[in-house]
Amino acid sequence: MFCDLHMHSTASDGTHAPAELARLALAAGLGAIALTDHDTTAGLPACAAACAESGVAFVPGIELSADPGAIWTDIGQAPPERLGTLHILGYFIRHDEPGLQAIHRRLLDARAQRNPRIIANLQALGVEIAYDDVLELARAEGSRVVGRPHIAQVLLKKGYVKSIQDAFARYIGEGKAAYARTDLLPPREAIEAIHGTGGLASMAHPVQLRCHDDAAMDRAVVCLRSWGLDALETRHTDHTPAQVDRYGKLAARLGLLTTGGSDFHGERKPIGLGNQRVPMEVLDRLRAAAKAGG
Ligand code: AMP
Ligand code: ZN
Ligand code: FE
Ligand code: FE
């Protein structure tokens with residue numbers, strides 16, 4: 001039996017309601033899932049209840065957007081030419097902890113500043129789009145964490161792009177003309193907030209950090225570990241089999257746990273729930289560590 005420890009609901013930028021994810025997990029034959037919405041825990045209670053009904057084990061999680069630049073500053077290495085993405089996953093979190101909710105509000109603020117900049121960039125490129133179009137779509141889906149996938153959906157609806165992927169490739173992907181960053185949270189604070197809720201912190205999709213080379217990746221993970229990182233997400237849809245192997249070895253060498261998941265977003269991304277076939281033992285080890293030290 002397998003588990004999937006990385007997925008999104010309509011509480012952030014997925015297209016399935018939290019309770020629907022439990023039913024999809026059951027249909028996919030998964031033994032356990034973790035809901036890891038971007039910057040919010042709003043979907044956790046509904047998903048937990050539906051999982052209990054479906055007989056699927058549930059792990060309360062979150063995925064915090066953090067500032068990758070802090071790593072390169074700390075280790076005194078110039079950042080890669082195109083700064084990548086740093087997301088910190090939290091597992092076995094107590095979702096109502098005030099420290100985490102304070103971070104949630106900060107990250108919502110950061111999005112409220114960033115999103116209109118993307119819209120302004122799009123308008124400067126001649127795209128007729130208003131931020132209200134995006135807010136309306138997110139609200140209709142039940143999300144308060146408004147992100148680029150919502151913007152992409154509006155671009156698709158208005159006929160500016162052929163697909164969600166096309167929207168990222170042409171306009172709002174990292175380094176594209178309308179892109180703007182939102183990830184201003186120091187990684188150490190993200191990890192500490194997760195620990196403050198009794199949770200464990202895992203570095204999501206290491207490949208997205210866009211490290212210069214293997215040596216830089218090693219240094220980056222050592223840096224994150226010095227800030228308290230507990231685990232590395234070795235299995236992820238974006239990773240090749242060779243990368244899964246390499247990140248697994250890196251985790252073992254540094255004494256880190258491993259996590260894995262699909263990063264399922266529903267209809268917006270061609271990703272199958274459970275596609276990483278993460279063994280239940282991965283979750284068992286995580287659970288044991290959370291009980292022991294969390
Ligand atoms: P945001 O947090 O608002 O910057 O949006 C980040 C989310 O956008 C990610 O979690 C993905 O769901 C999605 N995303 C990022 N890059 C791409 C891409 N190239 N194609 C499709 N979706 C993407
Ligand atoms: Zn997402
Ligand atoms: Fe992510
Ligand atoms: Fe994700």
Side-chain angles (χ1 to χ4, degrees), residues 4-16 21 33-43 59 61-68 82-91 104 106-119 121-122 131 134-135 137-138 141 143-156 161-185 190 201-210 233 235-239 259-271 273 275-276 278:
D4 189 334
L5 304 179
H6 190 157
M7 67 191 66
H8 298 272
S9 76
T10 48
S12 63
D13 57 5
T15 61
H16 292 280
L21 290 174
I33 60 168
L35 177 59
T36 55
D37 271 313
H38 297 286
D39 307 340
T40 182
T41 58
V59 181
I62 193 165
E63 182 176 21
L64 296 173
S65 320
D67 171 20
R82 260 176 65 197
L83 201 57
T85 294
L86 177 62
H87 288 168
I88 306 289
L89 294 157
Y91 292 110
H104 163 68
R106 263 169 75 186
L107 292 174
L108 275 191
D109 271 357
R111 285 174 180 280
Q113 310 273 325
R114 190 268 323 238
N115 291 338
R117 281 171 36 220
I118 294 182
I119 299 300
N121 291 344
L122 285 168
Y131 190 31
V134 181
L135 290 176
L137 172 93
E141 291 187 351
S143 175
R144 288 182 57 223
V145 181
V146 183
R148 284 181 288 156
H150 300 111
I151 297 172
Q153 190 81 48
V154 172
L155 289 173
L156 180 62
V161 295
K162 296 192 300 283
S163 67
I164 298 289
Q165 269 65 36
D166 189 34
F168 279 88
R170 285 177 51 193
Y171 292 111
I172 59 175
E174 226 180 294
K176 304 298 176 193
Y179 178 68
R181 311 191 69 89
T182 177
D183 39 24
L184 301 170
L185 181 69
S202 181
M203 179 193 189
H205 39 63
V207 70
Q208 289 187 16
L209 193 57
R210 291 185 181 281
E233 186 178 53
R235 293 181 178 83
H236 182 275
T237 300
D238 289 356
H239 294 169
T259 68
S262 62
D263 213 348
F264 181 71
H265 279 73
E267 315 306 329
R268 290 209 180 98
K269 277 180 158 185
I271 296 170
L273 190 70
N275 71 356
Q276 295 303 296
V278 178

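Counting starts at 1 for both ligands and their atoms, in listed order. All residue numbers refer to positions in the sequence shown, counting from 1.
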Verify the distance criterion only: is there a donor paired with an acceptor across the side chains of D4 and Q276 at less than 3.5 Å?
no
The answer for which part of D13 has a heavy atom under 4.0 Å from ligand 1 is side chain
The Fe ion (ligand 4) to E63: nearest N/O/S atom name:
OE1
Looking only at atom types and distance, does a side-chain atom of Y91 sit under 3.5 Å from a main-chain N or O of L5, one as donor and one as acceptor?
yes
Using a 4.0 Å cut-off to any heavy atom of G147, which atoms of ligand 1 qualify?
3 (O)
Tell me, please, if H8 has any N/O/S atom, main chain or side chain, under 2.8 Å from the Zn ion (ligand 2)?
no
Minimum heavy-atom distance H6-A204, with the two atoms named:
CE1-CB, 4.2 Å
Ligand-residue contact atoms, ligand 1 with P149, heavy atoms, under 4.0 Å
5 (O), 7 (C), 8 (O), 12 (O), 13 (C)
Which atom pair, heavy atoms only, marks the closest approach of G261 to V278?
N-CG2, 4.0 Å
Give the residue, atom name and distance (to 0.1 Å) of the protein heavy atom nearest atom 13 (C) of ligand 1.
F168 CZ, 3.5 Å
In terms of side-chain heavy atoms, does E63 have a donor or acceptor partner in H205 at a distance below 3.5 Å?
yes
Hey, is R114 touching ligand 1 through its side chain, its backbone, both or neither, going by heavy atoms under 4.0 Å?
side chain
Restricting to N, O or S, what is the name of the atom of D263 that lies nearest the Fe ion (ligand 4)?
OD1
Which one holds for H38 and ligand 1: side chain close, backbone close, both close, or neither close, with close meaning a heavy atom under 4.0 Å?
side chain
Under 4.0 Å from a heavy atom of Q165: which atoms of ligand 1 are those, numbered in the order shown and with their elements?
21 (C)
Below the 3.5 angstrom mark, is there an N/O of H87, backbone or side chain, next to an N/O of ligand 1?
no
To the nearest 10°, what's the angle at the Zn ion (ligand 2) between atoms OD2 (D13) and NE2 (H38)?
100°
With the threshold set at 4.0 Å, does a side-chain nitrogen-carboxylate oxygen contact exist between D67 and R181?
no
Given H87 and H38, is the ring pair (Phe, Tyr, Trp, His ring centres under 6.0 Å) satisfied, shown in steps?
CA-CA 9 Å; H87 288 168; H38 297 286; 5.7 Å; yes
Between H265 and ligand 1, which part of the residue brings a heavy atom under 4.0 Å of the ligand: side chain, backbone, both or neither?
side chain
Would you tell me which option among R111, R148, K269 has the nearest heavy-atom contact to atom 2 (O) of ligand 1?
R111
Any donor-acceptor pair under 3.5 Å linking the side chain of S202 with the backbone of L89?
no
Vertex the Fe ion (ligand 4): angle to NE2 of H8 and NE2 of H6, to 10°?
110°
Quick one: does G173 get a heavy atom under 4.0 Å from ligand 1?
no
For D37 and A11, the nearest pair of non-hydrogen atoms, with its separation, is OD2-CB, 3.4 Å
Closer than 3.5 angstrom, by distance alone: can the side chain of R111 be matched with the main-chain N or O of T182 as a donor-acceptor pair?
no
